[in-house]
Structures are given as C-alpha cells and as structure tokens.
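Take a look at the structure set out below.
Along the sequence shown, residues carry numbers from 1. As the structure lists them, so they are numbered: ligands from 1, and atoms in each ligand from 1. Here the structure is a predicted model, which means the values were calculated and not measured.
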Amino acid sequence: MTTLPSLLRTAPWVLAPGVYDSFSSLIAEQAGFQALYLSGASIAYTRLGRSDVGLTTYTEVEQTLSRITDRVALPVIVDGDTGFGNALNVIRTVKGLEKAGAAMIQLEDQTFPKRCGHLAGKAVVPVAEMCGKLKAALDARRRSDTLVLARTDALAVEGLDAALDRAEAYLECGADVLFIEALRTEAQMRMACERFAERVPLLANMVEGGLTPVQSADHLARIGFKIVIFPGGAARAVGHALRTYYGSLMRHGTTANTTDAMLDFNQINALIGTPELMREGSRYE
Ligand SMILES: C[C@](O)(C(=O)O)[C@H](CC(=O)O)C(=O)O
C-alpha cells in the first residue's frame, strides 16, 4: 500500500471519494481510487438517518473505520469532527483512530456540537483553544506517517481574512494539511491557494449543493489544491439509487425491471470476496 505521505509527495493530486462503511470502501477501492475519505456527514446520514450536527460519537467513527481498514488497504482520511470535545478528547480520538488505521485525522475549529460546514449557524472556538487541540493531536500520534489535517470553519463566522489567518496559525502549530471549509467562489479558492499551496498541501471539499462551487479534481489541482474530497456524494448517489429501487419494488411487487441497475448474487459475492473467504475457511476444515 502507498502511504498518504508518499502519495502526497508523488501524485499530482489525491482524489478521495467519501465512504461510510466497508461496502462503499470496497467499491471505491475496486474503482481505482488511491485514498478514501471517511465522511462524518455520510456516517450520520446512513447510520443514524440524521443530519451532520455532531450527533455521531467517537465510538461510531472508530468502529466504522476499524471495519473499513479490515477490508481495504488504501489510506483513509478520517473526519474527526471537533475531536469530540477538548484537548483530552482529541488525544483519545487521535490515539484511537490511528490504532484503527487512519492515515490522516481531520480536526476542525467549530464549537461542540459541530455542524456540517455548509449549514448555517456555525460557531468557532478561539484560535488559542484550537491550537491547543492541534498540539495535543500532534503529540498523541504514535506513527510518524499519521498526518493531522486542520480544518477551519471560520469563513462563515469571521470572514475570509480571519479564516486564512487561522489556517496560518494552525500551520504554525504543525498541521500537516490545511482545509479551509466552505470557500464560496473560485476567487476565494485561488486566494487560499496563493497563500498556502507552496508551503502545505491544501484540501478542497466538494459538496454537491453546498456553498463551494463543485469542480473537477484536475481543475482544482491546477488552482493549487493537493487533495480533493467528494465526501457526501456516495451517500447521495446511494440515496438516489435506493429511492428508485424501493419505489419500483413497491409499485411492481418484483425486482424484474430493476435488475439492470443491480449487482446480482454472484457479482456482489465477487465484490465482497466470498470466493476468497470460502477458500480461507476450507484450509481449516
Ligand atoms: C466534510 C464533511 O465534514 C463530512 O462530514 O464529510 C462535511 C461534508 C458534507 O456535509 O457533505 C462538511 O462539513 O463539509
């Protein structure tokens, strides 16, 4: 497996699709992606049937990650939200997520409980408090190749200049990657890249229907972003597919006319590795 630091050194950009369980991660791996983004929003949508407003717990994220890293070998960027509390919570979060196989842990400067960066009504903690949390995160890592991603949500609360200054402060604390959330225009995206791209990898967050214009990974890389995530897209695509599937089954009482849009029994077994599992079992019979 290529580690995230070596991918960041060698790849022109890293495109990481959002995943929320082992199944979505296996499908993304088989599609050819080199890294995954475990999205807090997608965990909330799919596991809780709830909004991304800080209801998901550390334990739910850690368990989801453990199941993913049990099945795929790709580096996983993990959404650690606010670290689920203060610096002490951050230490537990970073240690636990690293042990569960995180390649990079994302921490943001919202107050707890947080909310999706593209929802109104956010609040941020003071810069000094976030710096304390980032330092705690950096000290808590056991592996030298585990990265810490600092996200600021300040743009919506304090404006672009303040958000960029916060990012600067987080970089000074030692953050490995920066994420300036909910940039609203391409001009703002370019300003962020002009200030940071030569010094640190920057992450672009593509939320379909969100506040940032959605652009392709190669375009974003030309602007200066190094990592591009589409965090909630898989959950939205699955939602659309399930709505069509359930609607059709309800109407027709059969799946006969939806089979073209489904994996059949053998296809799903191939996807999840049933033949390999059976072979493994037979070694002990
Ligand atoms: C990146 C994000 O934190 C996530 O949970 O995946 C969300 C994405 C989303 O709501 O689709 C975000 O706050 O941007």
Side-chain angles (χ1 to χ4, degrees), residues 14-21 24-25 28 33 35-58 60-62 64-65 68 76-84 90 93 97 102-125 130 133 147-157 163 166-167 170 175 177-184 188-189 192 201-215 217 220 225-240:
V14 177
L15 171 59
V19 296
Y20 50 84
D21 60 9
S24 53
S25 301
F33 289 99
L36 304 175
Y37 180 83
L38 176 53
S39 153
S42 300
I43 295 176
Y45 301 155
T46 60
R47 296 183 51 150
L48 310 183
R50 286 287 189 185
S51 315
D52 182 21
V53 292
L55 298 172
T56 310
T57 63
Y58 158 74
E60 285 165 335
V61 176
E62 192 267 330
T64 306
L65 176 64
I68 290 172
V76 186
I77 303 166
V78 183
D79 183 356
D81 283 345
T82 61
F84 305 96
V90 165
T93 298
L97 296 182
M104 176 155 75
I105 298 155
Q106 174 189 310
L107 296 168
E108 72 201 30
D109 59 5
Q110 285 197 51
T111 52
F112 179 84
K114 54 82 50 84
R115 55 179 56 196
C116 165
H118 296 253
L119 284 174
K122 292 189 291 182
V124 287
V125 299
M130 181 60 178
K133 290 171 74 169
L147 305 181
V148 171
L149 161 56
R151 157 172 153 177
T152 179
D153 282 75
L155 195 156
V157 189
R166 276 179 177 256
Y170 304 159
V177 176
L178 294 178
F179 173 178
I180 298 150
E181 171 66 307
L183 292 161
R184 285 170 178 258
Q188 290 191 346
M189 296 165 98
L202 277 178
L203 178 146
N205 180 23
M206 299 290 101
V207 176
E208 301 86 356
L211 296 171
T212 307
V214 173
Q215 321 226 16
L220 292 162
F225 289 99
K226 188 74 191 184
I227 304 176
V228 179
I229 60 169
F230 283 76
R236 280 186 270 280
V238 165
H240 190 275

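- In this structure, Leu65 CG and Leu36 CG are separated by 10.5 Å, a value rounded to the nearest 0.5 Å.
- Interatomic distance, Ile180 CD1 to Arg166 CZ, rounded to the nearest 0.5 Å: 12.0 Å.
- A salt bridge does not link Arg47 to Glu60: none of the charged side-chain nitrogens sits closer than 4.0 Å to a carboxylate oxygen.
- Within 4.0 Å of ligand 1, protein heavy atoms belong to Tyr37, Ser39, Gly40, Ala41, Tyr45, Asp52, Asp79, Cys116, Gly117, His118, Arg151, Glu181, Asn205, Val207, Pro231, Arg236, listed by chain and number.
- Interatomic distance, CG of Asp153 versus CG of Leu119, reported as 10.5 Å (0.5 Å rounding).
- With Ile229 as the partner, the side-chain contact (heavy atoms from CB on, under 4.5 Å) test is satisfied by one option alone out of Val14, Leu15, Asn205: Asn205.
- Looking at residues two or more places apart in sequence or on another chain, you find a side-chain contact (heavy atoms from CB on, under 4.5 Å) between Thr93 and Tyr58, Phe84, Leu97.
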